[in-house]
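I am attaching a structure below and will ask some questions about it afterwards.
Residue numbers start from 1 in every chain, and the chains themselves are labelled A, B, ... in the order their sequence lines are given, proteins ahead of strands. Small disclaimer: the values here were computed from a predicted structure and weren't measured.
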Amino acid sequence: MLADGIVIIGVNHKTAPVAIREKLAFPEDCGVPLMTLMDIDGCDECCFLSTCNRVEVVFSGRDHGEASRAVRRFLFSNTGLSDEEAQKYSYFYQGRDAVDHLFKVAASLDSMVVGEPQILGQLKKAYRDAAEHKTTGVILNRLFHKSFSAAKRIRTETNIGGSAVSISFAAVQLAKKIFGKLEDKSVLLVGAGEMAELAAEHLVSQGIGRVVVANRTLERAAKLAQRFNGTAVGLTELLDKLADVDILISSTGATDLILRKDEVKSIMRQRHNRPLFLIDIAVPRDLDPELNDLDNVYLYDIDDLKNVVDINKAEREKEASRAEGIIAEEVIKFGQWLESMEVVPTITALRQKANAIRDSELAKTMGNLKNITPQERKSIEMMANAIVNKLLHAPMSFIKGGNGANGGCEHRQVNLDLLRQLFDLDRDSSDE
Amino acid sequence: MTLLFHFTLFVYGLATAAYLVYFVSRNKMVRTASRSILLGAGGLHTIYLVARYVEVGHTPLTSNHEAVSFFAWSVTWAFLSFRWRYQVKNFGAFVSPLVAVLMLIAAFSSQEAISLPPALQSLWLPVHASVAIMANGFMALAFCGGLMYLLQEREIKKKKFGVFYDRLPSLEALDNLNQHCLAVGFPLLTLGIITGSVWAKQAWGSYWQWDPKETWSLITWLIYAAILHQRLTVGWRRRRAAIMAIVGFSAVLFTLWGVNYLLGGAHSYAG
């Protein structure tokens, strides 16, 4: 019954074209949408996630039929679409399906680029905002925490985020395999193509030490260099510069080779054989393919990098199916916890725990008392029973009472959660 | 005694298996386990060496069994001391099999204790032999690092990413490892030769008498000296350094065994 209370309504890159998604985009501040959502009748807890590829509302409550329509109305308020059309562009998950969906989003299985790492951070931020505005309660707190830990488990147990699936990132990963740390290394950008810029950006974000830009027009070089806090040189200085950089990314529009094997061969001597990683993303190619034959020179052209990316993508697909297995496990665990968050299972668990303690303590005491009559034994057992019952009476009527008089179902959940924590009832069942 | 040795050998085998399982599975728990097992094996081995010392009455470095067993011990502890300072991914999968092979060789050589001729009963025995063999331990690590470098480099160069690409560390890390091993191993090697020569003066009356073991030690030393010299001046690093580490280590092995079996000489009764 509780499980059905969790609902996710949202829009992502699969269900809606960008023309719709951009109309749904919400400003940075989450406070307003969260407050609007909390005003909806039947929405007890909620969290709101908005990224460039998805907008989602996760909420928990009763009477979700009406509440769902209201949430959809709120999501699509800027589009002017009718509820029927809105339904077409959005998805609706409830109960176990909702849990499964959220876990997949957190683990980046639902992303446009499966395995990309940003989504987890965005989700964490969305949750933090909601928690700050106090729009989450017992159910969503646990749901989000479990989705984060499931995502973490998938990161460590599968290789889903391990391999680069974009050309520029594949280049960065190779650079790391060759040079280890990039902090004391430098990169020379030759030409100023978009892809070269992107690769340079990745290198900078991975901490590359120095950026040098060489271009036919010095002005353009200077502009680009400024962006990366680097220096600019003319194309004529290419060979001089090559002696002291570690990575070269070439993307000029030249129709001819700009760097030949013999030129680099003599430079390698000058470099004391420090390795050189050459990345040629120009078509037609800028760098002599035979450069790869030189010792300690590694040349990758655009096709080589594409190959790396294709292999990595296939690898990710394989890892994604392993990740789904992990998610299925975690969804079941969460479902068990949700079921236990009712009054009856909690009372049963509390009773069982108390009885187990009573029985083991009795056994210990009886073992020490050798010379007692059966009657004495009986009264000791009765005393232990009475203590347990009297101690349990108050907490039990406390959670039973929370049912009606003390407010709604949300209140009862808080009480249940408190009780379960006080008596440590969740240790074996759902915590790791 | 033999039982203790065999048990140590068994634990080394276990550590090797664990490291190889980690190499394939990449399960972190297996890695932790393999480290602990190797540490245990190293500890047992230490106990064995001490027990052997007590049993034979002098430093147990005179027979082939003893020398090779001590060699395995020094590779293990050189590796473990490295692990303590910095981490090289999957290094253990290369080092532990080498240790296991050395231990197997030790197991198959005669474990009889060799009584020392009076000329050799000197404090220089433990000093000279242990320093020389510890140098070999570090050279063995450089060898493993060189092998890993070549395997990793091949995949990057050929652009075919197989089993090693993800599992081995960056080329830079492997090259640093090589340099570090030589930086420790080479002074030890030098010291080994110097102490040997001092001892020779004491025992035989002359510092150097060109017996095959001495000659080959000198050749080995010259190879490593050349590697270091070239590295610092012309920049023999990376691939060439990796190849040279392998060449150097073959010279080490030849000095250790080849000389004994093929050339004889004053050292031939010893390891």
Whatever's closer than 4.5 Å to a heavy atom in chain B on A/L294 counts as backbone

If one checks every heavy atom of B/L174 against chain A at 4.5 Å, the contacting part turns out to be neither

Pick one of side chain, backbone, both or neither for A/N292, based on which atoms fall under 4.5 Å of a heavy atom in chain B.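 For A/N292, heavy atoms of backbone and side chain both lie under 4.5 Å from chain B.
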
Between A/E290 and A/R260, is the closest basic N to carboxylate O distance under 4.0 Å?
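The answer is no: the pair does not qualify as a salt bridge.
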
May I ask you to decide whether B/E172 forms a salt bridge with A/K181, counting only side-chain N to carboxylate O separations under 4.0 Å? no

Checked A/I311, A/D293, A/L174 vs chain B; the most non-hydrogen pairs under 4.5 Å come from A/L174

* So, are A/K241 and A/E237 salt-bridged, with charged N and O less than 4.0 Å apart? ->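 No, no charged N to carboxylate O under 4.0 Å.
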
Angle class for the B/F79/B/Y19 ring planes (parallel below 30°, perpendicular above 60°, tilted otherwise)?
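If you compare the ring of B/F79 with that of B/Y19, the planes turn out perpendicular.
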
### Query
Quick one: do A/E183 and A/R210 make a salt bridge, cutoff under 4.0 Å?
no

B/D175 versus chain A, the contacting section by heavy-atom distance below 4.5 Å =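 No part of B/D175 comes within 4.5 Å of chain A.
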
Okay, A/K176 and chain B: the region with an atom under 4.5 Å from a heavy atom over there is backbone

